[in-house]
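Structure, as structure tokens:
Each chain gets a letter, A, B and so on, in the order its sequence line appears, and its residues count up from 1.
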Number of protein chains: 2
Amino acid sequence: MGRWEPNAQSRLRQAAMDLYASRGFERTTVAEIAEKAGLTERTFFRHFADKREVFFAGSERLRELLVATVTDAPVEAGPAQAVAAAFESVAADYFPPVAFSRQRQSVIDANISLQERELVKLHAVAAELAAALQRRGVSELRAAIAAESGVAAFKVAFSRWINDPDDRELSTHMREALAELRRAA
Amino acid sequence: MGRWEPNAQSRLRQAAMDLYASRGFERTTVAEIAEKAGLTERTFFRHFADKREVFFAGSERLRELLVATVTDAPVEAGPAQAVAAAFESVAADYFPPVAFSRQRQSVIDANISLQERELVKLHAVAAELAAALQRRGVSELRAAIAAESGVAAFKVAFSRWINDPDDRELSTHMREALAELRRAA
DNA sequence: CTATGCGATGACAGTGTCTGACATCATCGG
DNA sequence: CCGATGATGTCAGACACTGTCATCGCATAG
């Protein structure tokens, strides 16, 4: 593989996470991350498109899982049901322990540029979910609304999960958010 | 006021918009914008927090309008009704002609960093709408869902408005999106 | 065993965004 | 006319990110 030690990418990620957590995101330079990982700044940018991308390694997998679940939903399921089931499924299985998510989120909440990236990832999820629904024959409007409102419910559920003093499960919050979404109409 | 010509801020905005539209966002530098406006790069950053902010001058007013409308909604209106009415109201009154919005959006669609900023603005709208609803006595969950799903409907409506070959009104699309949102539940 | 190609890294220069610090100039109130 | 105030200019600099080419290790063919 590499010229020196293996696992360059995960070493960079680890170094970045450590420094972001201790000094904060803005106050750590890419050069420092690379040095801590025993690599150069240039190599960091070969593994991550930019300084923020280190945070969002798992988002690709999340997106794939959601899309696959919606695509494989039973034929008789409507778009809203398919999306809701997909989010309930990943909420139950996919996410790391709440302590880890809380630390990660505290770094993100402290930096607008990280929030920007997070919102873009969620927007991409919505767009792909809508596309998956359209492939199932759902109209553009119906697909878009189902996907966007599902993501909206997830945003609310995730935030409440992170801030829940009672440490209830993410899947519980997701069900609550979806129930409230249905009730609102 | 200024040392030289007046209206520095609007001159900068005009110059930026012109250059963004002709050369594209990434291929125009802040120095070029400033020069075209007869100012220096440093002055540009005194009027706009960053290169992207030029695009989002109106978003503050949009946010204020929405929050005010929700705050002033009749007491008997539920959270979802208040939010829906607010979006229908601004959709009918606030937005520029579709041709202008289309050109603006084409620049944004061509640049992820601009989309990031746009999503942050919408997220801020959702957060403030939720806060306004809570001030009306609505529970946190109910307020968050009403605000986020309202923003979700607006995103869909706006996109469909921009891409509508029949040039139907934004308010029409907004009503359609809200109707679909209610129907989905 | 050697040559050769390939993929990952290093080295280096450069561009562009954004910030801090200080000087300068116009206008306005006294 | 003078000093305060606010907007601008000037300059230096940090830092993110990119392009380019050299270098090194590994695998594989011969």
Side-chain angles (χ1 to χ4, degrees), chain A residues 1-57 107-108 110-118 120-121, chain B residues 1-57 107-108 110-118 120-121:
Chain A
M1 287 280 229
R3 180 143 51 162
W4 313 99
E5 307 299 318
N7 301 35
Q9 178 146 341
S10 62
R11 266 158 54 219
L12 283 167
R13 181 165 20 242
Q14 190 61 50
M17 288 304 203
D18 290 351
L19 289 172
Y20 292 164
S22 61
R23 290 187 213 177
F25 177 77
E26 287 171 332
R27 291 156 45 89
T28 92
T29 70
V30 175
E32 289 169 340
I33 297 168
E35 190 193 10
K36 180 162 180 170
L39 295 166
T40 62
E41 187 183 329
R42 189 67 184 86
T43 297
F44 176 94
F45 287 111
R46 288 197 178 97
H47 287 275
F48 301 99
D50 58 60
K51 195 186 169 186
R52 297 175 277 167
E53 201 61 22
V54 185
F55 265 91
F56 302 95
V107 180
I108 294 179
N111 278 89
I112 297 187
S113 70
L114 290 174
Q115 298 164 41
E116 288 183 334
R117 180 58 51 87
E118 187 176 42
V120 159
K121 300 289 186 184
Chain B
M1 287 280 228
R3 180 142 53 161
W4 314 98
E5 308 298 319
N7 301 32
Q9 178 145 342
S10 62
R11 267 158 53 219
L12 283 168
R13 179 164 23 242
Q14 189 62 50
M17 287 304 203
D18 291 351
L19 289 172
Y20 291 164
S22 61
R23 289 187 214 179
F25 176 78
E26 288 172 331
R27 291 156 46 89
T28 92
T29 70
V30 175
E32 289 169 341
I33 297 167
E35 191 193 9
K36 181 162 181 171
L39 294 165
T40 63
E41 186 183 324
R42 189 67 183 85
T43 298
F44 177 93
F45 287 111
R46 288 196 179 99
H47 288 276
F48 301 99
D50 58 59
K51 195 185 168 186
R52 298 175 276 167
E53 201 60 23
V54 185
F55 264 91
F56 301 94
V107 181
I108 294 179
N111 278 90
I112 296 186
S113 69
L114 291 173
Q115 298 165 41
E116 289 183 334
R117 180 58 50 86
E118 188 177 41
V120 159
K121 300 290 186 184

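In terms of heavy-atom proximity, A37(B) sits nearest to R11(B) at O-NH2, 2.7 Å.
Here H47(B) reaches the OP1 or OP2 of dT8(D): one of its side-chain N or O atoms lies under 4.0 Å away. Taking side-chain N and O atoms only, T43(B) has no distance below 4.0 Å to OP1 or OP2 of dA7(D). Distances shorter than 4.0 Å separate some side-chain N or O of T40(A) from OP1 or OP2 on dG10(C).
In this entry the distance linking CG of L12(B) with P of dA7(D) reads 14 Å, nearest Å. With rounding to whole Å, F45(B) atom CZ is found 16 Å from dA12(D) atom C1'. Per the geometry, CG belonging to N7(B) stands 11 Å off P belonging to dT8(D), to the nearest Å. Distance F48(B) CZ to dC18(C) C1': 15 Å, rounded to the nearest Å. Between the CD atom of E41(A) and the C1' atom of dA13(C) there is a distance of 13 Å, rounded to whole Å. E53(B) places its CD atom 12 Å from the P atom of dT19(C), with the value rounded to the nearest Å. For K51(B) and dC15(D), the NZ to P distance is 21 Å, given to the nearest whole Å. The CZ-P distance, from F44(B) to dT10(D), rounds to 18 Å in whole Å.
With contacts defined as side-chain heavy-atom distances shorter than 4.5 Å, the pair F55(A)/R117(A) does not qualify.
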query: Is there a side-chain contact (heavy atoms from CB on, under 4.5 Å) between I108(B) and F56(B) once you walk through the steps?
result: CA-CA 11 Å; I108(B) 294 179; F56(B) 301 94; 4.3 Å; yes
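In this structure, NZ on K36(B) lies 9.5 Å from OG1 on T28(B), to the nearest 0.5 angstrom.
A donor and an acceptor atom never sit less than 3.5 Å apart when one is taken from the side chain of R46(B) and the other from the base of dG6(D).
Between R52(B) and E118(B) there is no salt bridge, since no side-chain nitrogen of the basic residue lies less than 4.0 Å from a carboxylate oxygen of the acidic one.
At a threshold of 4.0 angstrom between heavy atoms, the contacts of S113(B) with the nucleic acid are absent.
Nearest-nucleotide positions on DNA chain C for R42(A) and A31(B) put R42(A) closer to the 5' end.
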